[in-house]
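A short worksheet on the structure shown next.
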Amino acid sequence: MPPTGPFFWLPLGNLNGVGYAVTLSAARYIVRIGVETHMISRAMSAKSLITLMVVLACSMSLWAGQWAVMGPDGGDVRSLAYDPHNPDRIFLGTSTGVVFVSTNGGQDWSRFAHLGDQYVLDHIAFNPHDQNIMYVSAWSVQSQQIGDLFRTRDGGKTWQPLPGMHNKSIRAMAMAASDSNVLVTGALDGVFRSKDGGDSWEKISPANHAEIKNIESIAIDPKDPNVVYAGTWHLAWKTPDGGANWQHINKGMIDDSDVFSIIVDHSNPANVFASACSGIYKSVSAGDQFSKIQGIPFSARRTRILHQDPTNPNIVYAGTTEGLWKTLDLGKTWKRVSNPEVVVNDVLVDPRNSDHVLLATDRSGVLVSNNGASTWSASNHGYTHRYVTSIVADQKDPNTLYVGVVNDREWGGVFYSRDGGQHWMQKAAGLGGKDVFTLKQASNGALIAGTNHGAYLLEHNGSEWHPINNVVVEKTAYHAVKKGSKKTQAASKTVTRSVLEAKVNDLEIVGERWMAATSNGLYFSKDQGKAWMGGPVDGEKDFISVGGKGETVVAATRTKVFVSKDSGASFADRNLAAYVTNIRGVAVAPDAQIFIASREGAFHSGDLGVTWDHVLTGLPDKDITSIQYDGGSKRMLATSLQTGVIFQSSDGGRSWQRGPDSGYPLRRVSVVHGRFVGATPFDGVIVQPENEPQSAAAGSGGGAN
């Protein structure tokens, strides 16, 4: 079962450049405004808190300022839904609380609403009689026991978390086709119903029932709103009378099946389909008896979504972890109609044209077919949901950008753009679907990538990456020899070779020396990666960052810092405070000042790590994701997950000033053509607007990688 988690921040957006968020503790509500927190007594009523949240909630025009998302396009999509008043308006839900909209049938996308960074948006519903009313259900990926149901009455300008569903981890939602005021939600603590469009709610599943909980799917009979089906993490249930009575509809199903999706035939409600981890089942008796559908292989049985064509009831789609399947005869025969690598989360069929089908997928974003699922193409222009780890501006052509991404398998790796980020192409041949945690560019233009399985090199203008993981270990042994009547020591060298298969978390290039911080130790190369030497340092293996200037080298594990004054020949343990548990990066300024970015804040040393200061002047006190030296403008830059602000220091890090606010959590920034370019955990690459008053160009157009 999904684990529970700690309390979490529910971001409410930004107003006038200030971020607002709320969380719960055991005794009080905590509201965060910018980087400051304010305690509010639990004596405040829930209604008052909701009112506060609504006041702070903002429309998309205010959220994220004017910074533009550059791409690369694509990534994870959780849900799709069309506006019944205008099916060309299609809405897309993400796993990071953002709703996107397309006004041209899914060809182009733009941000529509931001409902909370940690929210997974699996279901979107529209009132068919009022185009201004729509609903979005959410559950928290960070604390999976909580969530919300959001409603807008003004077409998405403002959003209200509905009090009756507040703090419920909502995994399923349905609106009755026969009565749009009837909404049913499935949460971890049961089934809930509203008869007045969400204003009030009642729990219709039995209190403290041992089985009717952990609801994963909901379906309502299209002709009778009192008939409700609920799929749980252990089989399915049905109520024929609005919750007064429930029956276990498990006949014909393999026991212990998680029921991910239930659909009721809109032309004949006796036909009911249910998908589970053990396969797809069909009932022709409104759930009294099920039979397992044949034709979909065992390996593709994890079916997350079932979807019936809105105009042709014989056509049903099954979105699985190994592609999309389609039946033309209401489930008698099935055919796979997509690449088996595609993981399908949702299916949308145009109600005006059954040939127009859209898929919400993991990693590959939105796929579209205009010929009834015979062929597919990506349709992600304007939609980006990628975890960018690094940005490199080409040394000779700043219009050429390279980015590394993780969690994308065959759709990720490395992307490049030759027009400043307007268009992107994948550059991953040879990487074998590996995650890329760091990118650097050598003086000859070659790119070096640190992956979850070693380091790779792409020659300048090359087309394929090649592994550079040859590790050479030289050992010198001394033994006594006799020369004439005297004894002396003779040295003999042995060379062992191995392959670096560890995760490469960070790379640094200082002159002709390449350095790699890996999960198996710290490695150095003097010949551009042809051979590496190194390993654990003082018994420590899991290094996450390395930096250097001149002969000073600084390397860090999650909790320890090691400093070398002789180009890495020897290291001294320079531990930080004991409470530092998650170091994220190191930086070395030209004057050998050392900076540490960590979850517990920023730390600075001016004496090669002998003493440390917790940097609090002008910086957030925690969640610092990066500190780096911007050589073009001779300043330090810092980013944080707490805020989208870029912090700057021009006095060697003694004091920091707030720079521009991007509106996005940042992993790190670069400076390209005098503008900040940011790497985000979820939104790809973002770029500072040209006319923003706080320009990145503080005297130079140089860059920081």
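By convention here, the first residue in the shown sequence is residue 1. All of these numbers come straight from a predicted model, not from anything done at the bench.
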Regarding E216 and W233, do their side chains bring together a donor and an acceptor under 3.5 Å, going by distance alone? yes
Is atom NE2 of H85 surrounded by more than 12 heavy atoms (other residues, nucleotides or ligands) closer than 6.0 Å? yes
Counting N and O atoms only, with roles assigned by atom type, does the side chain of K168 sit under 3.5 Å from a partner on the main chain of M165, one being a donor and the other an acceptor? no
Derivation of the side chain to side chain contact (heavy atoms under 4.5 Å, CB included) call for R336 and V342: CA-CA 11 Å; R336 182 153 52 194; V342 174; over 6 Å; no
H381, NE2 atom: more than 12 neighbouring heavy atoms under 6.0 Å: no
Looking only at atom types and distance, does a side-chain atom of Y456 sit under 3.5 Å from a main-chain N or O of E464, one as donor and one as acceptor? no
What I want to check is whether the side chains of D265 and Q308 have a donor and an acceptor closer together than 3.5 Å. yes
Nearest heavy-atom contact between L188 and Q145 is CD1-OE1, 3.5 Å
Provide the closest heavy-atom pair for V403 versus P72 in the form atom of the first, atom of the second, distance. CG2-CG, 3.9 Å
Is there a donor-acceptor pair under 3.5 Å between the side chain of R363 and the backbone N or O of V343? no
Does any N or O in the side chain of R667 come within less than 3.5 Å of the main-chain N or O of S390, such that one atom is a donor and the other an acceptor? no
Could you tell me whether the side chain of F290 reaches within less than 4.5 Å of the side chain of S283, counting heavy atoms only? yes
For residues P222 and V264, determine if any side-chain heavy atom of one lies less than 4.5 Å from a side-chain heavy atom of the other. yes
May I ask you to decide if G404's main-chain N or O and T389's side chain share a donor-acceptor pair within less than 3.5 Å? yes
Just checking H385 against W109, ring centres under 6.0 Å apart? no
Go through I215 and R171 one step at a time and tell me if the side chain to side chain contact (heavy atoms under 4.5 Å, CB included) criterion holds. CA-CA 7 Å; I215 312 300; R171 305 305 180 95; 5.9 Å; no
Between atom CG of D83 and atom OG1 of T103, what is the distance when rounded to the nearest 0.5 Å? 11.5 Å
If you measure from CG on N314 to OG on S267, what distance do you get to the nearest 0.5 Å? 7.5 Å
Sub-3.5 Å donor-acceptor pair from the side chain of N380 to the main-chain atoms of V366, do we have one? yes
I want to check a possible cation-pi pair here: K427 against Y402, using under 6.0 Å from ring centre and within 45° of the ring axis as the test. no
Verify side chain to side chain contact (heavy atoms under 4.5 Å, CB included) between I263 and V316, making sure each step is shown before the conclusion. CA-CA 10 Å; I263 60 172; V316 177; 4.0 Å; yes
Any non-hydrogen side-chain atom of R386 less than 4.5 Å from a side-chain atom of W424? no
What I'd like to find out is whether the side chain of V191 reaches to under 4.5 Å of the side chain of W246, using heavy atoms alone. yes
Going through the distances and angles, do W376 and L324 end up as a side chain to side chain contact (heavy atoms under 4.5 Å, CB included)? CA-CA 11 Å; W376 298 92; L324 181 73; 3.5 Å; yes
Determine whether a donor-acceptor pair (N or O, by modelled atom type, separation under 3.5 Å) exists between the side chain of S364 and the backbone of T361. no
Side-chain touch N226/R193, heavy atoms, less than 4.5 angstrom: yes
L235 side, atom CG; D255 side, atom CG - distance, nearest 0.5 Å: 5.5 Å
Nearest heavy-atom approach of V687 to M70 is CB-SD, 3.2 Å
Any side-chain to backbone donor/acceptor pair from T311 onto P351? Under 3.5 Å, distance only. no
Does some side-chain heavy atom of S377 sit less than 4.5 Å from a side-chain heavy atom of V368? yes
Among I262, L306, D258, which residue meets the side chain to side chain contact (heavy atoms under 4.5 Å, CB included) test with S275? L306
Within the 3.5 Å criterion, strictly below it, is a donor on S354 or D309 matched to an acceptor on the partner's side chain? yes
As an exercise, state the distance from NE2 of H123 to CG of L121, rounded to the nearest 0.5 Å. 10.5 Å
Please report the shortest heavy-atom distance between A449 and W465, naming the atom on each side. CB-CZ3, 3.6 Å
Whether D435 side chain and N452 backbone form a donor-acceptor pair below 3.5 Å: no
For a 4.5 angstrom cut-off between non-hydrogen side-chain atoms, does V347 reach V357? yes
Here the pair of heavy atoms bringing T185 nearest to I218 is C-CG1, 4.2 Å
Partners passing ring-ring contact (aromatic ring centres under 6.0 Å, His included) against Y82 (at least two apart in sequence or in another chain): none
Give, for atom OH of Y383 and atom CG of D108, the distance between the pair rounded to the nearest 0.5 Å. 15.0 Å
Any idea how F91 and F126 line up, ring-wise: parallel (<30°), tilted (30 to 60°), or perpendicular (>60°)? tilted
How many angstroms lie between CD1 in I391 and CG in L439, if you round to the nearest 0.5 Å? 10.0 Å
Kindly determine whether D362 and R304 satisfy salt bridge (charged side-chain N to carboxylate O under 4.0 Å, His left out), including the steps that lead there. CA-CA 12 Å; D362 277 357; R304 172 167 161 70; over 6 Å; no
Side chain T96, main chain F682, donor-acceptor under 3.5 Å: no
Smallest heavy-atom separation, Y664 atom then D683 atom, equals CD2-OD2, 3.4 Å
Does a side-chain N-to-carboxylate-O contact under 4.0 Å join D221 and K223? no
Are P313 and H266 side-chain neighbours, meaning at least one heavy-atom pair lies under 4.5 Å? yes
